[in-house]
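Before any comments, here is the structure.
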Amino acid sequence: MDHVRDLLAGSGHPGIAKVDLYKIDSGVRDIEVTCADGRVIRLNITRMSPPVGDNFSEPEPVVTKADVQNA
């Protein structure tokens, strides 16, 4: 969730005025985007990697398909 929030906040998009977190219930938070025209969009992140998951600061490795005829 922090990664998505950081991407939105740092995007520089002129339509995004503010990116915050809002509380759904005890301990559960999600992303709230306030647009330049005053509209508010609340995102619900339904699944994310555990803290030991992907390292978003590293470039994503390119995976290519093996040629099954010559394998």
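The first residue in the sequence is number 1, and the count goes up from there. If you're wondering where the values come from, they're calculated on a predicted model, not measured in any experiment.
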Determine whether Val4 and Ile41 fall in the same hydrophobic cluster, where Ile, Leu, Val, Met, Phe, Trp and Tyr are linked whenever their side-chain heavy atoms lie under 4.5 Å apart. yes
In terms of side-chain geometry, is the basic nitrogen of Asp25 or Lys23 positioned less than 4.0 Å from the acidic oxygen of its partner? no
Test side chain to side chain contact (heavy atoms under 4.5 Å, CB included) applied to Val62 - qualifying residues, sequence neighbours left out: Thr64
Using the rule that Ile, Leu, Val, Met, Phe, Trp and Tyr join whenever any side-chain heavy atoms are under 4.5 Å apart, tell me whether Val33 and Leu21 fall into a single cluster. yes
Identify whether Val19 and Ile45 are in the same connected component of the hydrophobic contact network (ILVMFWY, side-chain heavy atoms under 4.5 Å). yes
Taking NE2 in His3 as the centre, count heavy atoms belonging to other residues, nucleotides or ligands within less than 6.0 Å. Is the count above 12? yes
Write down the atom of Tyr22, the atom of Ile31, and the distance for their closest heavy-atom approach. CE2-O, 3.4 Å
May I ask you to test the Ile16-Cys35 pair for a side-chain heavy-atom distance under 4.5 Å? no
Sequence neighbours left out, what pairs pass side-chain hydrogen bond (donor to acceptor under 3.5 Å, both in side chains) with at least one residue falling in residues 28-37? Glu32-Arg42, Asp37-Arg39
